[in-house]
Amino acid sequence: MEWTAPVEAHAGKVRELTIGYEEKVSKVGGESILPLHFFDEGFSPNPPRFALEVWDTEPEGWAEWVLEPFGDAVRDPVEWGRKCVDFGADLVCLKLVSSDPAGKDASPDEAASLTRRVVEAIAVPLIVYGSGDEKKDAQVLPRVAEVCQGLNLLLGPLVKENHEEIGRAALLHGHSLIAQSPLDINLMKELNVGLCKFAPPERIVIDPLSSPLGYGMEYTFTIMERTKQAGVISKDAMTQMPIIADLGTECWKTKEARASKEQGLAWEGITALSLLLAGANILVLRHPETLRALKELIS
Amino acid sequence: MPIKGTDVAKKLPQRKGCKDCGFPTCFAFAMKLASGGATVDKCPYLSEEIRAELEDALAPPIKLVTVGSGEGALKIGNEEVIYRHEKTFAHAPGIAVLISDKEDEGGVEDKIAKMKELQFERVGLTLRADLFALKFQSGEKAKYEALVKKVCDAGDAGIILISEDLGALFAARDICAGRNPLLYPITKDNLEQAIPLIKQSPTPVGVKAESVEALIPLTSRLKEEGIEELVLDPGSGNFLEVLRDQTLIRRAALKQNFRPLGYPTIVFPCFLAGDGLEEILTASMCVIKFAGIIVLSDLKKDSLLPLLVQRLNIYTDPRMPLAIEQGVYEVGQPKDEAPVLVTSNWSLTYFLVSSATEESKVHAFVCVKDTEGLGVVTGWGAGKFSGDSVGAFIKKSGIEERVKHRKLVIPGKVARIKGELEEALPGWEIVVGPREAGELPGFLPALARSLTGG
């Protein structure tokens with residue numbers, strides 16, 4: 001019986017975005033196919049990028065199998081970042097945990113000078129996440145943007161309440177933005193519409209919030225899958241930005257990931273691979289072994 | 001459905017008013033047929049030829065195949081969508097564990113035991129692997145048959161028989177035909193020889209070829225012989241080929257309505273991947289990308305649980321919030337001095353609350369109020385977590401008989417129901433708990449101490 005393989009071609013494409021400066025650059029997005037669908041017609045100029053997270057302060061209460069690969073480097077964000085690069089990370093994701101007002105409440109200046117030290121010391125581009133406190137982030141991230149002028153960080157999270165303040169400062173100093181919305185495709189588009197009033201869409205990455213396996217992963221999965229399809233298939237301009245899945249932190253909070261090393265790696269790895277298949281262009285992980293296995297598989 | 005009711009009607013005899021099918025007119029019957037609510041055999045006036053044609057046209061685009069029998073029966077196929085958000089994935093893939101007859105006794109016993117032992121309770125469901133895949137590798141048929149018998153005796157899990165040697169394959173089939181095993185692999189080289197043997201005692205058949213396209217003549221030939229309980233293996237050689245082949249098969253069945261590829265599939269991460277983590281990750285890709293059966297090299301507690309949870313996540317109906325039953329749940333072994341918490345019945349909320357309570361090392365009662373699967377705040381917004389309704393629930397929940405104290409912890413995000421709840425529950429003190437479940441470990445121990453101390 002005659003059969004023609006149902007190969008598909010789509011009209012839309014994800015915007016391509018560059019992170020980093022000089023020789024330390026990484027491009028994300030740019031694809032016109034669905035994730036890893038290399039058999040379809042279209043292009044995918046950049047593979048999914050894997051970041052490892054680095055905290056600006058020594059973490060407490062992490063499982064030993066998460067700390068072990070980094071050794072003493074977890075006491076020094078610069079050393080920790082260098083280790084991530086040694087482990088093959090495409091990007092490093094610095095989390096400004098200590099700026100959280102509910103925690104150490106470190107000042108914007110402290111956060112900014114640390115970020116500057118890290119970005120200069122490591123050989124790959126840098127993603128920076130604030131503490132997630134919308135008011136404090138609006139003080140910290142503009143200062144980080146200013147001090148790291150021209151180093152083209154990927155900076156966030158920008159949420160509905162603070163996107164203008166952070167967004168304008170970040171763009172002024174030559175950075176790209178992470179637009180974060182709570183697991184809802186309409187809120188995501190609203191935020192992007194708001195940002196696009198003053199920001200070029202090719203400077204935006206979408207973060208729809210990443211829930212870990214067993215704790216709502218399927219919601220993130222489906223939102224990412226729908227976002228990607230709306231962008232690539234339906235050419236919806238407000239969903240054509242690359243997607244970031246910041247999943248390591250949430251995965252390793254689960255009691256399952258903390259129960260044993262093997263289970264933790266599978267927990268993080270399955271969450272990451274699921275979200276990659278849904279459409280994530282950047283995956284932020286915590287454990288280098290998860291990173292190695294994922295890179296190996298999709299190469 | 002690929003065929004419209006109006007097209008079905010054209011094929012019917014249009015006998016006015018016979019109503020032998022139980023419907024007032026041929027047209028009404030046709031509409032019912034097209035929507036899957038009736039079967040063609042209800043009309044006694046169809047020619048053999050038309051009936052076969054209609055049955056074929058009305059069949060689901062991916063055949064529903066059953067492997068195994070009784071309690072251990074696994075149903076796969078009959079999927080209607082490519083992406084879960086289009087509707088829902090219907091039949092979750094079976095997870096199988098490979099056992100070779102070359103493995104030593106201890107290894108075999110261990111895998112059989114793990115199939116029984118590795119069962120996990122989650123959201124009121126029991127998660128477990130489904131099948132044994134038994135591979136003939138020793139060259140000694142007696143040894144293979146002994147393995148098949150041992151596995152049959154051990155429980156009701158489904159069975160996949162894997163043997164290149166047809167003699168060994170069908171001898172094993174004869175031992176366990178009543179268990180409806182899947183026979184694998186049927187290939188272009190053994191197809192003609194196998195057909196009469198399959199027909200002697202029909203059970204499902206795993207068809208293997210070196211590509212998706214090469215499966216087509218094989219499944220077409222088997223269908224001619226009336227053998228349609230098929231499972232496909234396009235011989236994918238690595239992770240990306242699995243993704244490609246599974247996607248093309250699913251699209252062929254659903255978008256092209258191409259019958260020769262309208263069957264569920266089997267994938268073997270056990271033969272594809274490097275280390276244990278890569279194997280389980282490959283399997284997790286197969287869960288999302290359409291596999292009907294996924295064969296693993298071993299069952300390990302620490303990698304099986306994540307895979308089963310992922311299967312549960314991906315195969316939940318995206319249109320329905322996942323809810324758990326209303327009631328009082330125990331975390332640990334709470335006594336009459338234990339803290340009492342109330343939360344909504346979205347299973348994620350419940351999970352977060354119960355696992356954070358567990359982490360606090362405090363024995364407690366978690367009262368789960370039916371909010372139709374909404375979270376606490378949305379539930380409150382929808383009027384399903386109001387002070388009045390929570391109060392009424394607490395009264396009839398029976399918790400008052402189980403604790404001596406009268407302190408109820410409510411989620412911090414709905415602190416506003418405190419007053420209303422105090423009115424609805426005279427004698428109770430309403431304690432506003434943390435806003436996030438993750439903060440319970442910092443909150444509960446002190447509360448527990450105050451309850452036992454005072």
Side-chain angles (χ1 to χ4, degrees), chain A residues 1-8 34-40 61 102 185 211-223 225-226 228-229 251 253-274 276-278 289-290 292-294 296-299, chain B residues 83-85 122 212-213 216-217 220 238-241 243-245 247-248 250-252 254-256 258-261 273-278 280-285 287-289 300-307 309-310 312-316 318 322 346-348 351-352 355-356 358-359 438:
Chain A
M1 204 181 279
E2 282 298 307
W3 179 66
T4 311
V7 167
E8 296 181 352
L34 297 178
L36 308 182
H37 283 44
F38 303 120
F39 48 90
D40 275 337
I185 203 160
S211 301
L213 179 62
Y215 298 87
M217 183 198 76
E218 68 273 30
Y219 293 87
T220 303
F221 176 87
T222 278
I223 281 166
E225 194 165 66
R226 287 175 58 206
K228 188 62 69 179
Q229 293 189 10
C251 277
K253 271 186 201 165
T254 64
K255 65 170 189 275
E256 290 86 352
R258 297 154 64 97
S260 78
K261 178 178 175 185
E262 202 183 352
Q263 188 159 292
L265 293 176
W267 215 265
E268 181 176 49
I270 290 178
T271 305
L273 184 57
S274 300
L276 190 161
L277 290 166
E289 283 183 48
T290 323
R292 182 203 53 76
L294 287 166
E296 180 79 28
L297 271 182
I298 64 165
S299 63
Chain B
Y83 306 104
R84 66 189 289 276
H85 62 260
R122 211 172 167 95
V212 174
E213 193 158 15
I216 298 167
S220 305
N238 60 44
F239 181 92
L240 289 174
E241 285 182 17
L243 174 60
R244 175 196 66 196
D245 295 345
T247 305
L248 291 177
R250 176 64 63 95
R251 284 182 188 167
L254 295 186
K255 291 194 162 176
Q256 300 175 317
F258 187 70
R259 295 287 172 184
L261 295 173
D275 61 17
L277 181 56
E278 286 179 28
I280 215 71
L281 290 176
T282 303
S284 78
M285 181 268 286
V287 167
I288 292 173
K289 292 299 172 186
K300 293 184 192 141
K301 177 182 165 292
D302 293 351
S303 54
L304 183 62
L305 172 67
L307 185 67
V309 170
Q310 187 222 19
L312 177 72
N313 283 177
I314 295 296
Y315 275 77
T316 50
L322 204 56
W346 189 25
S347 37
L348 283 186
F351 263 150
L352 288 169
S355 71
E358 215 176 283
E359 215 182 305

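So that the names make sense, note that chain A is the first sequence line, chain B the second, and so on, each numbered from 1. Keep in mind that what you see is a predicted model, and the values were worked out from it rather than measured.
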Approximate separation, where rounding is to 0.5 Å, of Phe258(B) CZ and Glu2(A) CD: 9.0 Å
Salt-bridge present (Glu359(B), Lys253(A); N to O < 4.0 Å): no
From CG (Asn313(B)) to OH (Tyr219(A)), nearest 0.5 Å: 9.5 Å
Shortest non-hydrogen contact between Gly214(A) and Phe351(B), atoms and distance: O-CD1, 3.7 Å
Toward chain B, the part of Ile298(A) with a non-hydrogen atom under 4.5 Å: both
Steps toward side-chain contact (heavy atoms from CB on, under 4.5 Å) verdict (Glu289(A), Asp275(B)): CA-CA 11 Å; Glu289(A) 283 183 48; Asp275(B) 61 17; over 6 Å; no
Heavy-atom pairs under 4.5 Å with chain B, option from Leu276(A), Leu273(A), Thr4(A) with the top count: Leu273(A)
Side chain, backbone, both or neither of Leu304(B) within contact of chain A (heavy atoms, under 4.5 Å): neither
When Gln229(A), Lys255(A), Gln263(A) are compared by non-hydrogen pairs under 4.5 Å with chain B, the top option: Gln263(A)
Heavy-atom contact with chain A under 4.5 Å, split by part of Lys301(B): both
Value rounded to 0.5 Å, distance of CE in Met217(A) from CG in Leu312(B): 10.0 Å
Contact leader toward chain A among Pro217(B), Gly276(B), Ser284(B), where contacts are heavy-atom pairs under 4.5 Å: Ser284(B)
Basic-acidic side-chain contact under 4.0 Å: Glu8(A), Lys255(B): yes
Options Ser274(A), Ser211(A), Gly264(A), Gly269(A), ranked by heavy-atom pairs under 4.5 Å with chain B, top entry: Ser274(A)
Leu307(B) versus Ile270(A), closest heavy-atom pair with distance: N-CD1, 3.9 Å
Region of Glu256(A) that comes under 4.5 Å of a non-hydrogen atom in chain B: side chain
Cation over ring face, Arg251(B) and Phe39(A), 6.0 Å, 45°: no
Heavy-atom pair of closest approach, residues Gln256(B) and Ala5(A): NE2-C, 4.3 Å
Closest heavy-atom pair and its distance - Asp302(B), Ala266(A): O-CB, 4.2 Å
Rounded distance [0.5 Å steps], CG in Leu248(B) versus NE2 in His37(A): 9.0 Å
Proximity breakdown for Tyr215(A) and chain B, heavy-atom pairs closer than 4.5 Å: both
Heavy-atom pair with the smallest gap, counting every atom of Thr290(A) and Leu277(B): CA-CD2, 4.4 Å
Interchain contact, Leu281(B) with chain A, by part (heavy-atom threshold 4.5 Å): both
Value rounded to 0.5 Å, distance of CG in Leu36(A) from CZ in Arg244(B): 13.5 Å
Residues forming a side-chain contact (heavy atoms from CB on, under 4.5 Å) with Leu254(B), sequence neighbours excluded: Pro61(B), Ile62(B), Ile82(B), Arg250(B)
Non-hydrogen side-chain atoms of Phe38(A) and Leu243(B) separated by less than 4.5 Å: no
Close side-chain approach of Glu218(A) to Tyr315(B), heavy-atom, < 4.5 Å: no
Options Leu213(A), Thr222(A), Asp40(A), ranked by heavy-atom pairs under 4.5 Å with chain B, top entry: Leu213(A)
Residue Leu34(A) versus chain B: region with a heavy atom under 4.5 Å: side chain
Spatial distance of atom OG (Ser355(B)) from atom CZ (Arg258(A)) [nearest 0.5 Å]: 10.5 Å
